[in-house]
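Input: a single structure, listed below in structure tokens.
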Amino acid sequence: MAKSARERLGVLLGGSKAAEFSARLEAPADGVGLEVAGVGPVRLPLRAPQVKKLIAVARPALFGRGEDTLSDSSVRDTWQIPPDHVTLGGPAWPTLLDGALEYFRGELGLPAQSRLRAEPHALLVYGKGQFFLPHQDSEKDDAMVGTLVLSLPSAHTGGELVIGHAGQSRTYRASKTELSLVAFYADCPHEVTPVRSGYRVTLTFNLLAERGAPEREAGPLDDMAHCLEQHFNAPARPRYGGQDLDPPRRLVYLLDHEYTQRGLGWDRLKGADAERAALLRAAAAQAGCETVLALAEVKETWDATSAGYDPWDDYGYEEEDEDEEGVGAAAVDGAGADEDYELGELIDDEITLGWWTGPDGADGEQISLYVRDYESCASTPSADLKPYDSQYEGYMGNYGNTLDRWYRRAAVVVWPRERAFAARGEAGSRWALEELQARITKGDRDGARAAAESLAPFWKGSGVQPGQLKSALRVAEGLQAPGTAAMLLEPFRIDALTPEHADDLAAVAKRYGVPWLGQVTEGWFGGAQNRFEEHRYDWTERLPQLCAALRSARSPAVAQLLLTGAWTQVDGELRLWAETGPAEIRRAQLERLSLPLLRILEAADAKLRGRIMAALRSCPDTVLECLLPMLRHAAQEQTAGEPRAAGLEAVARECGDRLGAIARRAPRAADDWSVAWTGCGCELCGTLGAFLGSRSRRTLEWPLAKEGRRHVHSRIDTAELPVGHQTRRQGRPYTLVLTKTEELFSRERATRRQAGADLTWLASIWNLSGEVGVEPGP
Ligand SMILES: O=C(O)CCC(=O)C(=O)O
Ligand SMILES: [Fe+2]
């Protein structure tokens, strides 16, 4: 398949890879013709009768080559025909030779602007027993850099060309049917081993390196610039097909080395990266593009098999009693070194940019940009580099076994100059907002609006950082366009807010109205979907100062907006968790809400405090698991002499009432084994409920098949009932044995005792009017 412009660019830039001292190429002999004076046209592949005719016009090569001092058939024993008696041609030859010379130039690591030229040296025929001992070719011409040996297709054994360099050696065998070309540097010792049967026929050339003519010199750069123009003007083609898209907005060329944020700079690039990046940058400038350096995270997913792979292992089941308990799908062990797996096909790769430098190379910034497959290229595939992490996924159904690998790479990012604003904006760069602000300040409000609007298609998904909220608020205000302003503010989240935003929040509210800001902040709060985020409420730590700042900026309505939003979130969670077992999770979740609730109460006005108290009163007693930690925080923070935050007194009283009621509860009668519980309404839960509710029954023997037992087990576990549940594996079906435990009593005792202790603490700190009798239970 033809390569895309970006893939060609990757190849072009990869030109300067590690050089070889010799290289080989095979090519079909069709369309290549040979004519020898005194013999006429020679057909390829060669056959013995023709070779004999060649030998008839050759002379023994007993003399040295050039200034070589070889002059003796014990060093060199071949037949030789001088170059002026040999004509190599045919329609395919010139292109073949040009291509081969360009290939060898690259492989041998000669500079891109140089050109190789092949100057015929001799036609050599090696019959049985003939050879060429190790020697070095003399460089008769200053421009001579090496030798090219073209072996004509001819059946033979032995007669291998062995080339050495710096302790390494390479052995090349010619082909019976194809042309075989080998090029090597002139300083490499080489030999031809004795031919054992058949004939070996070669044409040797001196390889001369010439500087390309000036217009050729600009060649690679022109080619690259051309690739860039094509890339940015042709429709994008996603890897897995689908319809063509708009032209790509950027090109991301991956470099080979790893860099730190501070070490990333145009003049600090390592190894081959330096030259490649410089070339690409020059080509980009020529194509009217801007470039920055970026840090990329690459994740590849490979189809892979482990070395000792046994497909049956994947299922992880052993044949066992069908009635066996607790057999879940066994997880396939994900451990194993990356090298233990054989890579198949590349299923997917994901590239994300997390940092980039400013246009002048300085002033890097955090960004977040997902790079599509049709936007990236590289000269070295990631698979050739060492991943910093990898994970084998075992059998995953659709994909078979997969191996995920992660790499850190640097990249050059290129975009057309006229699309720079959007290209930066999409990555969440602060330059985009700075640019908008600059236009507003210059008085170009229309220009700023139009530019801001151009961000709309991707701004929400852009990697805009929380630290840019201040600039975004300013720009939003300055645009004087409510829709565009709301769009600009949409990607932020409530936790980006700090007291420093008070003035700008007040300003946008003044410009567009509080209801407008209400809609924007509703998005910032993000509904219930981030309920499980650990740091969800961290921002409320700053809520009292923020509200104070808003009030002094004469925006009490905005403070109210934020407080109501925060309370709505806390309220929702409070109700949810107060009713949700298991106890351990419930307790942790409720305690997590204590600090945010404290900050809200501190900042709330009387009206909101009233609402909050009403809500707290309607919660079950488990709400104490939030309120008591909250009062403890408040007590800890309390400095002597300062007034307590309004509202806390009322919470303390509410807690006192509840704790008193619990502490005063009459102890359970010694013969009362009833457990209050309601299940899901199914028949099994009915039976279980009746057993639990009975004052006198302590055990139940319940013959029940596997599915039923599973349901009952899970009900008991979820509700953390004080009931032991075992399966007696006898008869069919097995019998489920339920036993109420002593915990029924001890738990209630512990609860009463704890309530008493909490109440004592509470009374020591807070002035609880309408004192409640404290009477810790037995
Ligand atoms: O025939 C060959 O492969 C090599 C010949 C050679 O080394 C030479 O002509 O100097
Ligand atoms: Fe040689």
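Both counts, for ligands and for their atoms, begin at 1 and track the order of listing. Since this is a predicted model, take the numbers as computed values, not measurements.
For the salt bridge (Lys or Arg N to Asp or Glu O under 4.0 Å) with E210, the lone residue among R115, R105, R117 that qualifies is R117.
Counting atoms of ligand 1 from 1 in the listed order, those under 4.0 Å from a heavy atom of F132 are 5 (C), 6 (C), 7 (O), 8 (C), 9 (O), 10 (O). Using a 4.0 Å cut-off to heavy atoms of D137, the atoms of ligand 1 that qualify are 10 (O). Of all atoms in ligand 1, listed by their number and element, those nearer than 4.0 Å to a heavy atom of L124 are 1 (O), 5 (C), 9 (O).
Remark: distances from the non-hydrogen atoms of R200 to ligand 1 include one below 4.0 Å. A heavy-atom separation below 4.0 Å is not found between E191 and ligand 1.
In this structure, S151 contributes its side chain and T202 its backbone to no donor-acceptor pair below 3.5 Å. Y199 places no side-chain N or O within 3.5 Å of a backbone atom of L46 that could act as its donor or acceptor partner.
Computed with the Fe ion (ligand 2) at the centre, the H135 NE2 to D137 OD1 angle is 90°, stated to 10 degrees.
Under the 30°/60° scheme for interplanar angles, the aromatic rings of F132 and H135 are found to lie parallel.
Judged by the 6.0 Å and 45° rule, R281 forms a cation-pi pair with W266.
Within the structure, side chain to side chain donor-acceptor pair (under 3.5 Å) contacts touching residues 27-52 (residues at least two apart or in different chains) do not occur.
If you check the side chains of W355 and Q261, you find no donor sitting under 3.5 Å from an acceptor.
Contact annotation for H190 and ligand 1: only side-chain heavy atoms (C-beta onward) come within less than 4.0 Å of the ligand.
Residue-to-ligand polar distances place H135 within reach of ligand 1: an N/O pair is separated by less than 3.5 Å. For H121, no nitrogen or oxygen atom sits less than 3.5 Å from a nitrogen or oxygen atom of ligand 1, counting backbone and side chain alike.
In this comparison of Y126, F205, Y172, the heavy atom closest to atom 5 (C) of ligand 1 sits on Y126.
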